[in-house]
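As structure tokens, the structure follows; a few thoughts come after it.
Chain letters run A, B, ... following the sequence lines, proteins first and then strands; every chain starts at 1.
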Number of protein chains: 2
Amino acid sequence: MSHTLGIRQAQKQKTRQALLDAALGLLEEQSLSSLGLREVTRAVGVAPTAFYRHFRSTADLGVALVEEALGSLHPMIRTTVSTTGDSEERITRTIELIARHVDGYPAHVRFIARERHGGVQPVREAIRDQLARFALEVKDELAKDPVSAGWTEDDLLMLAHLYVDQMLITASLFLEALEGPEQEREERTRHVAQVATRQMRLIGLGRHHWLD
Amino acid sequence: MSHTLGIRQAQKQKTRQALLDAALGLLEEQSLSSLGLREVTRAVGVAPTAFYRHFRSTADLGVALVEEALGSLHPMIRTTVSTTGDSEERITRTIELIARHVDGYPAHVRFIARERHGGVQPVREAIRDQLARFALEVKDELAKDPVSAGWTEDDLLMLAHLYVDQMLITASLFLEALEGPEQEREERTRHVAQVATRQMRLIGLGRHHWLD
DNA sequence: CCATGCAGTTAACAACTGTTCTCTGTAATT
DNA sequence: AATTACAGAGAACAGTTGTTAACTGCATGG
């Protein structure tokens with residue numbers, strides 16, 4: 001069912017993506033609410049008016065960026081949480097996967113962390129919705145685990161939210177470590193991983209004794 | 001040692017505070033990186049150039065706002081964490097205190113949540129430093145608790161950070177509940193409190209079984 | 001009581017912003 | 001082959017921005 005786009009539509013998507021990429025770059029040093037439409041088009045090398053062919057406003061572009069940054073992440077979440085092995089192994093693998101993701105898409109991570117509580121309402125809402133979806137997916141995976149026997153849906157969901165928030169905080173800390181001076185980078189990254197691992201371990205302990 | 005300010009200095013501090021208040025108000029609907037100096041002075045009813053008598057830039061004003069929003073919070077933290085009673089009582093009281101604080105200073109809470117990962121580096125750093133101080137204070141209080149016997153300093157600190165982050169997330173959720181439509185407000189607030197309580201309880205459980 | 005310091009004002013600057021309208025070239029459709 | 005649709009260019013708009021300079025009035029310290 002994948003219809004090959006005509007030259008026309010292909011070129012359009014290309015500039016659209018260029019706008020998204022340029023915006024993401026500019027957002028390393030500012031927030032979305034101060035991102036100007038002209039600023040973005042200038043970075044791409046296109047006329048300011050061309051912007052309107054793709055987005056109604058920078059807020060609209062922000063929502064598209066949320067889609068790009070989080071939309072493609074769902075399969076990864078599912079496979080990560082449902083990975084086999086004892087809980088210690090699972091924690092190590094999860095932390096490692098977060099670190100790898102931050103390494104691969106630092107601008108995406110920064111954008112989500114920055115705009116989650118940022119000044120643009122539609123973007124905040126889009127992020128909140130995506131994270132709620134993540135929490136639901138994590139909940140479903142948690143439910144499959146024998147440890148979750150006897151848990152109510154509500155309790156599973158509150159634990160899922162705890163995990164999701166914790167993963168976001170960890171990702172943001174990894175990012176800060178990356179932004180620091182090169183020589184401290186490795187040590188800071190290791191430190192973040194070590195702390196995050198123990199926090200996850202502690203939460204896991206609480207999980208095991210929840211029904212006592 | 002409190003020297004009564006002259007008429008001159010008193011008036012200066014008055015306008016300075018007016019600038020801070022106006023900025024905090026304007027920041028409800030945008031981020032600091034898009035806050036204009038003229039915008040602030042206009043809201044106060046003062047000439048744009050007067051701004052420079054108090055702050056070098058809006059980033060500088062942001063740092064001052066961090067001080068105002070978090071600086072006065074330290075005594076509260078100490079007394080809260082060190083409050084007596086069993087852990088269930090302590091959790092209830094902590095959540096209630098957070099809710100009360102968000103109710104009393106919503107703009108401050110919003111500002112911290114928004115700019116913690118925001119686009120202005122000096123402000124991010126100021127918030128990070130203050131939160132690190134909080135974590136240290138929480139650590140000190142945790143250390144006094146008999147439950148912490150045998151814990152390493154590192155483990156106490158990682159738990160303290162977990163608590164601080166959790167408190168911030170909870171505060172932000174309370175704020176979102178406040179911002180919603182009036183009729184849902186009470187129920188949403190109750191729901192946030194309920195989830196946060198159980199998350200704290202689960203972390204507390206993990207804490208008790210940490211040395212197993 | 002007079003001289004100084006300084007919070008706040010006024011005016012002007014070049015540079016920037018979002019948005020509208022009109023136009024052009026060319027891929028897509030008929 | 002002729003027509004249409006539409007991504008992008010270009011120019012112009014009124015309004016905004018941060019920053020500088022020179023000023024005014026008044027509380028303060030000698």
request  = Using atom CD of A/Q9 as one end and atom C1' of C/dT26 as the other, report the distance to the nearest whole Å.
outcome  = 15 Å
key: Distance in angstrom units between B/R38 CZ and C/dT10 P, rounded   = 13 Å
ask   = What's the verdict on side chain to side chain donor-acceptor pair (under 3.5 Å) for A/Q30 and A/E39, showing C-alpha distance, side-chain angles and the deciding distance?
value = CA-CA 12 Å; A/Q30 60 183 313; A/E39 203 179 346; 2.7 Å; yes
ask   = Whole-Å distance between C/dA7 P and B/H54 NE2?
value = 7 Å
request  = Give A/T15 one of three labels, base, sugar-phosphate or nothing, depending on what nucleic acid heavy atoms sit under 4.0 Å from its own.
outcome  = sugar-phosphate
request  = For B/G45 and for A/R53, find the nucleotide of DNA chain C with the closest heavy atom, then tell me which residue's nucleotide is more 5'.
outcome  = B/G45
message = When you measure from the side-chain N and O atoms of B/R42 to the phosphate of D/dG15, is any distance below 4.0 Å, counting only OP1 and OP2?
response = no
task = Confirm from the modelled atom types if A/T49 and C/dT19 form a donor-acceptor pair under 3.5 Å, side chain to base only.
result = no
message = Rounding to an integer number of Å, can you tell me how far B/Q11 CD sits from D/dT28 P?
response = 11 Å
request  = Please round to the nearest 0.5 Å and tell me the distance separating atom CG of B/L136 and atom CG of B/D140.
outcome  = 7.0 Å
Whole angstrom value for the distance that separates P of C/dC6 from CZ of B/R16 = 17 Å
request  = Mind running side chain to side chain donor-acceptor pair (under 3.5 Å) on A/Q194 and A/Q199 for me, showing each step along the way?
outcome  = CA-CA 9 Å; A/Q194 196 221 32; A/Q199 287 173 337; over 6 Å; no
request  = Measure up the B/H101 and B/Y105 rings against each other and bin them: parallel (under 30°), tilted (30 to 60°), perpendicular (over 60°).
outcome  = tilted
task = Let me know the distance between CZ of B/R8 and P of C/dT4, rounded to the nearest Å.
result = 15 Å
Distance, rounded to the nearest Å, where A/I7 contributes CD1 and C/dT26 contributes P = 12 Å
inquiry  = From OH of A/Y52 over to P of D/dG10, roughly how many Å is that when rounded to an integer?
reply    = 17 Å
